[in-house]
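These notes concern the structure reproduced below.
One-based numbering, in listed order, for ligands and for the atoms of each.
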Amino acid sequence: MLSHTRSVVYLDDGEIAVVRPDDYRILDLAAVEKEKAVTRVDWDLAKIERGGYAHFMLKEILEQPDSVRNTLRGRLLEEEGTSRMGGLNLSDEDLQKINRVIITACGTSWHSALIGEHMIEELTRVPVEVEYASEFRYRNPIINERTLCIVISQSGETADTLAAMREAKRRGARTLGIVNVVGSTIAREADGGIYLHAGPEIGVASTKAFTSQVIALLLFTLKLGRLRDMSILRGREIIEAMNAIPAQAKQILDRAQEIEDIAEEFKRASNFLYLGRGYNFPAALEGALKLKEISYIHAEGYPAAEMKHGPIALIDEMMPVVFIAPHDSVFDKVTSNVAEVKARKGRVIAITSRDEPSLVGKLDYEFRIPETVDMLTPVLAAVPLQLLAYYIAVKRGSNVDQPRNLAKSVTVE
Ligand code: BG6
């Protein structure tokens, strides 16, 4: 469309456009004429063209240093150790009144919600629940005017997520949309919003939106935390780590070949297990989802310790097990889980962040990521996980950008 016009009028539900060669009218179902704002789309064509990359998914994985930079731009207040977001539409008083947060989403966005839950509770002490939007909309949730419902959606059009937001609103919650697509329905209907500014995401499997969602959630957490007990020093430490992410992601992408070599070893696998702890349990879920979405290999993500209560039965010399094991506050616990897998001849691929004497001789393959604060480790770990799924899928000849049975946005229930 962009080669014809950049001016867009968004129709809301129940509106009709009557378009003639030289003009248009917008009517509602009662045929009442409506004035609608014209929005200018500022995407440049290069952004939505593959631009010589083999796949949109690869292009979007490689864009992450920039997309994260765009999500951060103009939103960090280093001096105060906090953040500012123009579209929040929540005053400091509103934020201080909140005594409960519900985060709802689908797919990859639900995985970033799990990371958001962890960081908001850790840094603000406000209780958080994460809900699958499709379940939440039919449950009888306890909500009141002091509840903030955060709605995460790359497209801003996912039907279950939109309905969940409308239900939360109907019950009196304030709603905050974390959305990538400007002008989408969720963005227009939420009380306030944080745009990712990650640029168009065309590949069906979400990549750069995930890393930007986690960054956006941390921006919100900084704001809420500094309005409560989080110290300015803690805020500054997190901001310094956020500012380092684009360059660190670039370092990882520069070593993509290492991941491709690992993918070559596992392209014929028929099952995969992804394990992580703390902030990296959701990263394990995301790694497994990426592989499922585009390579059609059955894969499961689990909290590493939970493995002992079932999935360990699946482990033998045929089972690749990916550990997300950066040196964070729960690393020491992960080492025993690695030993349990190794003892059953599982093939271990580990994402680590430093030399670990406790892992010597227990890893079949290792990929190193830079160190960062705990809550940002899933952002850096996501990049090699995305690349592993991508290379395995390409080597299996899958249609990476439009995998079978999937849509970029599920707008029906
Ligand atoms: C699925 C997409 O249809 O919807 C996933 O294939 C995505 O990639 C999920 O994570 C949720 O989409 P959204 O746009 O609401 O984040």
With no hydrogens and no angle check, just 3.5 Å: does a side-chain donor-acceptor pair link N140 and R171?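 Side chains of N140 and R171: pair found under 3.5 Å.
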Should the heavy atoms of other residues, nucleotides or ligands under 6.0 Å from [atom1] of [X] be counted, would the total exceed 12?
X    : atom1 : result
R125 : CZ    : no
D316 : CG    : yes
E157 : CD    : yes
K308 : NZ    : yes

Measure the distance from [atom] to every protein heavy atom, then report the residue, atom name and distance (to 0.1 Å) of the closest one.
atom                    : result
atom 8 (O) of ligand 1  : V204 O, 3.0 Å
atom 3 (O) of ligand 1  : A407 O, 2.7 Å
atom 4 (O) of ligand 1  : K408 O, 4.1 Å
atom 11 (C) of ligand 1 : C106 O, 3.5 Å

Show me which atoms of ligand 1 lie under 4.0 Å from any heavy atom of [X].
X    : result
T108 : 10 (O)
Q154 : 13 (P), 14 (O), 15 (O), 16 (O)
V410 : 3 (O)
T158 : 12 (O), 13 (P), 14 (O), 15 (O)
S206 : 8 (O)
S155 : 13 (P), 14 (O), 15 (O)

Would R347 and Y365 count as a cation-pi pair here, with the cationic atom under 6.0 angstrom from the ring centre and within 45° of the axis?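 No - R347 does not lie over the ring of Y365 by the 6.0 Å and 45° rule.
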May I ask you to establish whether R255 and F367 are in a cation-pi arrangement, using a distance under 6.0 Å from NZ or CZ to the six-membered ring centre and at most 45° from the ring axis? yes
Steps toward side chain to side chain contact (heavy atoms under 4.5 Å, CB included) verdict (I26, V9): CA-CA 9 Å; I26 309 288; V9 174; 4.2 Å; yes
Test your reading of the structure: does S109 have an N or O sitting under 3.5 Å from an N or O of ligand 1? yes
Does A209 approach ligand 1 within less than 4.0 angstrom via side chain, backbone, both or neither, non-hydrogen atoms only?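 Within the 4.0 Å criterion, A209 makes no contact with ligand 1.
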Does only the side chain of E157 get under 4.0 Å from ligand 1, or the backbone, or both, or neither? Count heavy atoms. neither
Can you list the steps and then say if F281 with H118 is a ring-ring contact (aromatic ring centres under 6.0 Å, His included)? CA-CA 11 Å; F281 159 48; H118 202 149; 10.0 Å; no
